[in-house]
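Please read the structure below before turning to the comments.
The basis for the numbers below is simple: all heavy atoms, side chains too, and nothing from hydrogens, waters or symmetry mates. Owing to the predicted nature of the structure, the values given are computational and were not obtained by experimental measurement. Proteins come first, then strands; the chains are lettered A, B, ... in the order of their sequence lines, and each starts at number 1.
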Amino acid sequence: TFGKGIRVLAQDSSFYLKFGARFQTLYAGRLNLETDEWSDKMMIRRSRLKFDGWAYDPRVEYKLELAVSNNDNGNISPESGMAANIVLDAVVKYNFAPGWEVWFGQTKLPGNRERVISSQNLQFVDRSAVNGQYNIDRGVGMQLHHMHKIGNAVLMEIGSISMGEGRNLTISNVGGYEYTGRIEILPFGDFAGKGDYFGSDLKREKTPKLSIGVTYDQNNNAPREEGFTGEFLDQHKDLKTIFIDGMFKYKGFSTMFEYADKWTDGSPVVADGVFYTGKGLNVQSGYLFKNNFEIAARYTSITPEEITGNEEFTELTIGVSKYIVDHSLKIQSDLTHTDNQFSDDKLSFRFQVELAF
Amino acid sequence: TFGKGIRVLAQDSSFYLKFGARFQTLYAGRLNLETDEWSDKMMIRRSRLKFDGWAYDPRVEYKLELAVSNNDNGNISPESGMAANIVLDAVVKYNFAPGWEVWFGQTKLPGNRERVISSQNLQFVDRSAVNGQYNIDRGVGMQLHHMHKIGNAVLMEIGSISMGEGRNLTISNVGGYEYTGRIEILPFGDFAGKGDYFGSDLKREKTPKLSIGVTYDQNNNAPREEGFTGEFLDQHKDLKTIFIDGMFKYKGFSTMFEYADKWTDGSPVVADGVFYTGKGLNVQSGYLFKNNFEIAARYTSITPEEITGNEEFTELTIGVSKYIVDHSLKIQSDLTHTDNQFSDDKLSFRFQVELAF
Amino acid sequence: TFGKGIRVLAQDSSFYLKFGARFQTLYAGRLNLETDEWSDKMMIRRSRLKFDGWAYDPRVEYKLELAVSNNDNGNISPESGMAANIVLDAVVKYNFAPGWEVWFGQTKLPGNRERVISSQNLQFVDRSAVNGQYNIDRGVGMQLHHMHKIGNAVLMEIGSISMGEGRNLTISNVGGYEYTGRIEILPFGDFAGKGDYFGSDLKREKTPKLSIGVTYDQNNNAPREEGFTGEFLDQHKDLKTIFIDGMFKYKGFSTMFEYADKWTDGSPVVADGVFYTGKGLNVQSGYLFKNNFEIAARYTSITPEEITGNEEFTELTIGVSKYIVDHSLKIQSDLTHTDNQFSDDKLSFRFQVELAF
């Protein structure tokens with residue numbers, strides 16, 4: 001079936017592979033509301049090849065995801081060996097006991113919900129600025145996942161130790177490790193089709209479904225301005241982040257919220273730079289009509305720590321989506337008004353076509 | 001069948017994929033006819049992964065083509081985000097009415113025939129210098145294609161709007177947009193197997209077949225020396241190009257010609273550089289023997305605008321090809337004499353093996 | 001079957017493809033035994049996509065192997081066109097007569113055994129320092145392979161001509177060509193499952209099996225410090241290398257040795273740099289228990305030519321491996337003591353998970 005990948009099961013059932021590819025074509029224009037200047041661009045925003053399945057035993061799962069668009073893979077830098085930076089996920093997951101999994105490799109850390117939702121499965125053209133400014137992205141290390149039930153409620157606990165400087169570095173670990181813990185509770189049980197981790201209520205939940213998650217992340221002696229990305233600074237700081245997020249879906253209506261707070265012990269300003277610290281809030285809601293046409297709205301507020309000199313801003317976004325085949329073939333457009341503390345206010349228009357198999 | 005790709009049709013007919021891969025191994029040597037110096041190189045000239053098919057509805061076609069050889073993908077540059085530059089084509093085509101298609105994404109612009117013919121399907125080891133100097137390559141944008149018949153004749157009209165600076169940029173659009181129009185007429189009807197867009201008369205047309213095409217391209221406020229490539233200049237110019245090209249095939253005999261003229265309004269010389277303007281002509285013919293052995297000859301003349309200071313040259317090429325399985329498994333070799341206006345004359349020898357599935 | 005790739009045979013038997021992918025996740029830590037400083041890193045050490053099979057005729061074989069991890073593909077450099085450097089192997093092999101093959105393209109040269117053994121199939125977490133310092137890696141060119149029998153013994157002779165500067169260059173050939181010859185003799189016949197070219201006696205040979213190989217390589221007018229890699233120097237030297245290596249396997253026991261000697265005519269020190277010349281020895285043995293758990297030990301000694309100023313060192317390594325599914329799903333760990341001539345001694349710990357399908 002389209003959107004489900006090319007699936008291969010070995011004749012002796014010793015192996016399962018699902019292969020998929022996708023690309024997003026984005027047109028983005030921005031109007032400076034003070035100067036009336038228009039600037040725009042068009043690009044293959046993301047393009048991915050994805051391999052996942054299990055090997056030898058269904059309890060040994062793997063995932064390999066490659067980013068092939070230059071808007072999407074990583075910068076060539078000395079820290080990443082001056083080489084093409086294509087691998088996003090490369091992880092082995094071992095389901096060693098019912099409800100328990102250990103992960104080993106590179107993948108997304110158990111951070112904010114918006115980040116962990118695949119960029120294929122978003123309600124708007126792209127993620128909000130809360131994610132852009134505060135997310136903890138991917139890391140290389142180990143994760144322990146535990147999922148269990150208490151009555152009807154589903155609980156998840158995730159713990160992670162990782163290197164702390166993001167993906168695909170070739171240099172030795174700088175500073176300390178990164179420790180991440182996350183708890184999720186789904187008081188009314190599982191969402192249909194793992195709907196707590198995709199945008200829009202495409203499954204039209206018959207009963208209300210809710211997921212609340214809390215993450216605490218501590219990146220010890222972090223060397224990079226934004227933890228997993230940004231310039232490498234000479235002076236390191238423990239970088240701490242809290243995320244509180246939730247997803248609610250019912251009969252085509254969906255709402256997601258996310259609160260982030262990032263700080264260092266003592267000042268985030270060091271001799272050769274500034275760590276990006278502060279708070280952010282994102283709230284978004286959408287309603288999916290019978291014809292798989294959706295209207296959604298989003299409010300985002302970013303409040304960096306004042307001492308960093310970074311700018312406060314709020315964004316109001318209206319989005320429309322036509323889900324031809326769920327998130328596998330869809331057209332999305334949104335309009336965002338950005339109210340900046342210092343710089344000129346902007347109005348942004350985006351139009352995107354997503355095709356994924 | 002070899003050369004037709006790995007084809008997958010979803011059990012519920014909701015999806016079709018054709019996957020192919022290929023590589024070209026090239027040995028190229030060049031003799032300086034004045035100094036008698038020989039220089040050579042050998043390389044994986046091109047290597048590609050190709051995904052195409054349709055999604056959900058046979059009228060929704062897609063194509064994703066990746067270049068994995070460093071001789072073939074793009075330079076790492078600040079304008080392309082200092083990231084690996086692998087995506088060639090990523091385009092969705094919607095056949096919204098019989099004979100009509102709208103394309104959205106990144107792909108080849110409707111420029112000169114030699115460029116639009118895949119590098120897999122050439123009559124010689126590589127394209128001619130007319131293409132090298134004047135082609136308009138790929139762009140990101142929209143295209144509208146219309147195909148219809150008048151009696152036995154086939155007509156095509158193509159219109160395109162694109163960003164104007166080539167593929168895979170991460171920066172905002174510079175200068176204006178690029179507008180391209182193309183008309184093709186096939187007075188004696190369609191070629192067998194789309195033979196108007198591959199080299200050599202491998203289908204041995206039983207009746208004479210002809211295609212004539214004309215393209216007009218206007219790249220407004222173009223910032224790059226050669227439009228889609230070259231240095232970004234501070235001073236921009238409207239860059240205009242005309243191509244007139246044709247393909248004729250009959251009983252193993254094929255001939256292709258191409259005329260190009262590129263100019264700017266006013267001088268192509270600006271404060272910080274020179275736009276590559278001028279004229280070019282390429283004519284080539286080949287005859288395919290019964291044993292799929294072909295001998296072909298090519299004459300190419302390049303006449304840059306004198307004020308640019310770029311050099312005139314003419315090339316005479318003799319090529320031999322053995323098509324073991326059409327353009328999917330073949331051995332090609334050619335010998336080129338280059339007569340340069342200023343620099344030393346050269347004699348070039350090339351030998352290439354192509355394998356594509 | 002897991003570990004055997006996704007295999008596709010065309011319905012008309014005109015084509016065969018085996019597709020595989022793999023990745024290695026490595027944790028590596030190093031203790032400086034003088035300062036007691038610990039430094040570590042974790043990374044996707046290698047990640048590959050592999051296509052091989054035959055085209056049109058089973059005697060026409062091809063192989064395309066891509067490296068997608070930045071720890072594994074090549075540096076972006078002016079000599080390689082400032083472009084992503086992903087292609088490892090792209091080669092066509094033609095079995096033109098029984099026992100004879102001609103290869104055309106880019107692939108590993110017939111150098112030391114440890115190098116030609118795939119990085120997937122090693123007995124330790126990674127290859128020894130003998131390979132690291134002296135191997136001749138990959139090249140672009142032609143190879144002639146001949147295999148035949150004398151009684152029970154198997155003999156192989158390989159000759160190769162290549163460009164001499166490693167893989168994926170876009171510049172013209174520098175200096176002269178590289179000529180490589182190799183002879184192998186397997187006095188007691190073929191190893192089970194080509195076991196002369198993978199680590200560990202996973203096939204548990206019932207009778208003793210032995211392979212001895214000798215390579216002589218001459219890289220004429222070599223421009224790079226280490227032949228296929230390193231800085232390009234202005235002054236070139238003929239770089240000559242001898243390898244003598246062997247593999248022995250019997251009832252779960254395996255031993256491999258390798259001796260390398262690299263030298264230049266005259267001094268390896270030139271005006272703008274130093275060619276890496278000297279000798280190296282590696283000996284390793286392992287025993288595979290019934291439960292596919294292996295213990296292995298390795299001794300490596302590196303003796304650079306004194307005039308180069310490069311440091312002598314010896315390494316002693318103890319490795320343990322659990323082969324869950326041969327080399328396709330395995331966990332390996334090793335501990336290495338390095339005794340350096342000048343710099344501080346080190347103790348290195350490595351842990352790696354390999355998954356390949």
Side-chain angles (χ1 to χ4, degrees), chain B residues 1-8 19-30 32 37-49 66-78 80 82-87 168 323-326 328-331 351-357, chain C residues 6 8 10-17 19 49 51 53-57 60-64 66-68 70 73-74 76-92 94 103-107 139-142 161-165 167-174 177:
Chain B
T1 299
F2 170 65
K4 302 298 183 194
I6 310 296
R7 286 166 293 174
V8 179
F19 169 72
R22 71 183 177 95
F23 60 91
Q24 291 179 338
T25 306
L26 171 68
Y27 172 83
R30 174 164 289 191
N32 183 314
E37 271 181 286
W38 176 255
S39 82
D40 63 358
K41 51 186 171 178
M42 188 169 162
M43 58 169 118
I44 308 305
R45 175 63 186 87
R46 292 180 178 91
S47 180
R48 305 276 172 88
L49 306 180
L66 308 178
V68 292
S69 155
N70 62 333
N71 279 283
D72 190 22
N73 57 32
N75 287 4
I76 308 296
S77 72
S80 61
M82 291 303 289
N85 212 329
I86 296 169
V87 175
N168 289 349
Y323 301 101
I324 302 165
V325 183
D326 294 350
S328 295
L329 183 63
K330 62 176 175 177
I331 297 170
F351 177 82
Q352 187 164 272
V353 174
E354 167 100 38
L355 190 146
F357 66 81
Chain C
I6 309 297
V8 179
Q11 279 172 355
D12 61 358
S13 293
S14 65
F15 173 62
Y16 179 66
L17 166 68
F19 170 72
L49 307 180
F51 304 85
W54 49 261
Y56 176 59
D57 181 322
V60 182
E61 292 179 279
Y62 63 88
K63 181 180 182 191
L64 176 62
L66 308 178
V68 293
N70 62 332
N73 58 31
I76 307 297
S77 71
E79 288 87 3
S80 62
M82 291 304 290
N85 212 328
I86 295 169
V87 175
L88 295 181
D89 292 321
V91 63
V92 178
Y94 180 42
W103 296 13
F104 186 70
Q106 175 174 291
T107 192
V140 197
M142 287 186 73
I161 303 180
S162 56
M163 293 290 117
E165 282 97 56
R167 66 182 183 88
N168 288 350
L169 296 196
T170 54
I171 55 168
S172 282
N173 186 31
V174 186
Y177 302 124

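To the nearest 0.5 angstrom, C:Asp89 atom CG is 9.0 Å from B:Ile44 atom CD1. Atoms OG1 and CG, from C:Thr170 and B:Asn71 in turn, are 6.0 Å apart once rounded to the nearest 0.5 Å. Atom CG of B:Asn70 and atom CZ of C:Arg167 lie 8.5 Å apart (nearest 0.5 Å).
A side-chain donor from one of B:Thr1 and C:Asp12 sits under 3.5 Å from a side-chain acceptor of the other.
Between B:Met42 and C:Tyr177, every side-chain heavy-atom pair lies at or beyond the 4.5 Å cut-off. Side chains of B:Thr25 and C:Val92 form no contact here, defined as non-hydrogen atoms less than 4.5 Å apart.
Heavy atoms closer than 4.5 Å to chain B are found in the backbone of C:Ile171, but not in its side chain. In this structure, chain C has heavy atoms under 4.5 Å from both the backbone and the side chain of B:Val68.
Interface summary for chain B: among C:Leu49, C:Asn73, C:Asn173, C:Val174, the most heavy-atom pairs under 4.5 angstrom belong to C:Asn173. The most heavy-atom pairs under 4.5 Å with chain C, out of B:Lys4, B:Lys41, B:Arg30, B:Arg45, come from B:Lys41. Ranked by heavy-atom pairs under 4.5 Å with chain B, the list C:Gly139, C:Ser13, C:Gly74, C:Gly141 is led by C:Gly141. Ranked by heavy-atom pairs under 4.5 Å with chain B, the list C:Ala90, C:Ser80, C:Ala10 is led by C:Ala90. Here B:Asp40 is the residue among B:Leu355, B:Ile324, B:Val353, B:Asp40 with the most heavy-atom pairs under 4.5 Å with chain C.
For the residue pair B:Met43 and C:Leu169, the shortest heavy atom distance occurs at CB-O, 4.2 Å. Nearest approach of B:Asn75 to C:Gly81, heavy atoms of both residues: OD1-O, 3.3 Å. Here the shortest heavy-atom pairing between C:Ala83 and B:Ile76 reads CA-CG1, 4.2 Å.
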Are B:Leu329 and C:Asp57 close enough, and set up right, to give a side chain to side chain contact (heavy atoms under 4.5 Å, CB included), and what steps lead you there? CA-CA 11 Å; B:Leu329 183 63; C:Asp57 181 322; over 6 Å; no

Verdict with supporting geometry, C:Met163 and B:Tyr27, side chain to side chain contact (heavy atoms under 4.5 Å, CB included): CA-CA 10 Å; C:Met163 293 290 117; B:Tyr27 172 83; 4.1 Å; yes

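Aromatic ring centres of B:Phe19 and C:Phe19: separated by at least 6.0 Å.
Here B:Phe23 pairs with nothing under the ring-ring contact (aromatic ring centres under 6.0 Å, His included) rule; sequence neighbours left out.
A distance-only check finds a donor-acceptor pair linking the side chain of C:Ser14 to the backbone of B:Phe2 [under 3.5 Å].
Ring geometry for C:Phe51 versus B:Phe357: interplanar angle of 30 to 60°, hence tilted.
More than 12 heavy atoms of other shown residues, nucleotides or ligands fall within 6.0 angstrom of atom CD1 in C:Ile6.
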